[in-house]
Protein chains: 2
Amino acid sequence: MATPNIVEVASLIGDTSRAAMLMCLLGGKALPASELARAARVTPQTASSHLAKMVEGGLLAQEAYGRYRYYRLASAEVAQALETLNSIAPPKPVRSLRESEQSKALHFARTCYDHIAGEVGVTLTDKMLELTLIAEVDRDFAVTDNGAKWFSNFGVNLNDIGRGRRHFARQCLDWSERRHHMAGALGAAVTCRLFEIEWIVRIPGGRAVRVTHNGLRGFKQELGISLASINTT
Amino acid sequence: MATPNIVEVASLIGDTSRAAMLMCLLGGKALPASELARAARVTPQTASSHLAKMVEGGLLAQEAYGRYRYYRLASAEVAQALETLNSIAPPKPVRSLRESEQSKALHFARTCYDHIAGEVGVTLTDKMLELTLIAEVDRDFAVTDNGAKWFSNFGVNLNDIGRGRRHFARQCLDWSERRHHMAGALGAAVTCRLFEIEWIVRIPGGRAVRVTHNGLRGFKQELGISLASINTT
DNA sequence: CTTACAGTTCGATGATAGTCGAACATTCAC
DNA sequence: GTGAATGTTCGACTATCATCGAACTGTAAG
């Protein structure tokens, strides 16, 4: 027989830095340690210490891809516990209107390390699957014959990126949406190209990106994607 | 838009002494400060400090009767948050045989704030679903026409409890069974009635409850529930 | 091989906060 | 009134732990 130990879990959540990381992960994505360190505004050493404790405590799960360590919430129950805690937490006054704007922008489109994520990232990946440019293979995506032509036409040289030892096109799981977006070398190459042809541009001071008018038209013409006009000016 | 402050609440729960007090109060009763101090094995001064912080943080409510100060959980939401945290907490090894006995009793039947939980609570809820007395609706339960008759016959007046602002019949995740049991106003009313007709009685000194012989027969006759004979003497 | 980068481990430091002794406030019993 | 019991406030001590600098282990890139 065993009695659960609520103190350990609660004290893990009850730290400013760790809570900041958990709130980031509550979106559902798995994030590398460095990004979580940045989110919590602490040094990598401190973040590493916190992450190890949360894995030990059963709050987080860790997956290693190359030299990166991706962390995600260990289970749906953890996410629910965080939400429930939020529901009884006394509201904290907003610091600024800018924060709200930034939050919207982040949900819409952002970079996840070096590839595109958010609503745009997920929609893009979904459309590529729908048009059979790519196909799901285990935990990765594979490029179809169809897709090879498309990527070439789009300006992404598959030969260049197939050579590296990095994962070719990893699936990046999004919990809240329960959908994947494309990561890995191909995801990075596509995102790089999106910046190159200026369909997207970085919003200074964060991970958020903005879809340009060019991008709106391009996504529509090349892939049949209709994006809401939020943050596209 | 206000961002809730999860850190404060979690750090309040994440202390050994405070958690011990909260676990006591999870039984649903209001307790005086001295008793909570005893439960947490700290001096009255220390307990007073903790209690003040938890009231300030919105976890507890205080009522003064003469020279006594009674403390209780501030709301059903707080109780649910505690139960949810329990469900993700890693099991802690038991220290003594007595704890093992208490743990068994807790797993079998206990009060969760003001409604019945544990194996009995989950089985009761399951059976009500099976007999279509209630039905799942989102994260709540709804009473069917069938059920309305049954509850009335059982001695629970649905009109009385439907009026309040409180959730009518919330689904509450059970940490020991990892399944849902019925909470909210209806759960409280049913449990209150169970005490009234003495199908269950409190085991002194904790949250655990005991199913009486009357209760055993009643559960069998009224709902077709066969409970193991544990703790029913 | 060399350089760069991601992440961890170790050790020292500093601040937060839990704890209790002492004293005070309040209420009840006599 | 006096005395006892409940509970709180104040101050000091102490232990825990978050934090960061420095050094180290891998992995990727050229």
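Only heavy atoms go into these numbers, but all of them, side chains included; no hydrogens, no water, no symmetry mates. Here is the naming used below: chain letters follow the sequence lines, and residue numbers restart at 1 for every chain.
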Only counting residues at least two apart or in another chain, list the ones meeting salt bridge (charged side-chain N to carboxylate O under 4.0 Å, His left out) with B:Arg72.
B:Glu63

Ring pair (Phe, Tyr, Trp, His ring centres under 6.0 Å) against A:Trp199, all qualifying residues, sequence neighbours excluded
A:Phe154, A:Phe219

To the nearest Å, give me how far apart CG (B:Leu51) and P (D:dG7) are.
9 Å

Contacts to DNA chain D from residues 58-73 of chain B, heavy-atom cutoff under 4.0 Å, which residues?
B:Gln62, B:Arg67, B:Tyr68, B:Arg69, B:Tyr71

Mind checking salt bridge (charged side-chain N to carboxylate O under 4.0 Å, His left out) for A:Glu196 and listing every partner two or more places apart, or none if nothing turns up?
A:Arg193

Across all chains, not counting sequence neighbours, the side-chain contact (heavy atoms from CB on, under 4.5 Å) partners of A:Lys127 are A:Glu130, A:Leu131, A:Leu223, A:Ile225

Nucleotide D:dC24, atom P - distance to CD of A:Gln45 in whole Å
15 Å

Residues in side-chain hydrogen bond (donor to acceptor under 3.5 Å, both in side chains) contact with B:Glu56, at least two apart in sequence or another chain
none

Pick out the pairs of N or O atoms, protein on one side and nucleotides 15-19 of chain C on the other, that lie under 3.5 Å.
unit_1	atom_1	unit_2	atom_2	d
C:dG18	OP1	B:Arg18	NH2	2.9
C:dG18	OP2	B:Lys53	NZ	2.7
C:dT19	OP1	B:Ser17	OG	2.9
C:dT19	OP2	B:Ser17	OG	3.1
C:dT19	OP2	B:His50	NE2	2.5

Only pairs at least two apart or in different chains count here, so list each ring pair (Phe, Tyr, Trp, His ring centres under 6.0 Å) that has a residue in residues 17-67 of chain B.
B:Tyr65-B:Tyr70

Salt bridge (charged side-chain N to carboxylate O under 4.0 Å, His left out) against B:Glu35, all qualifying residues, sequence neighbours excluded
none

Just to verify, what does A:Ser152 make a side-chain hydrogen bond (donor to acceptor under 3.5 Å, both in side chains) with, not counting sequence neighbours?
none

Can you give me the bend angle of the helix from C:dC1-D:dG30 to C:dC30-D:dG1? Use the axis through the first five pairs and the one through the last five, nearest 10 degrees.
30°

Rounding to a whole Å, what distance do you find between A:Arg38:CZ and D:dT19:P?
17 Å

What's the CD-P distance between B:Glu56 and D:dT8, to the nearest Å?
14 Å

Residues that B:Arg110 engages under salt bridge (charged side-chain N to carboxylate O under 4.0 Å, His left out), provided they are two or more places apart:
B:Glu83, B:Asp174

Closest non-hydrogen contact found for A:Ala109 with A:Val120 is CB-CG2, 3.7 Å

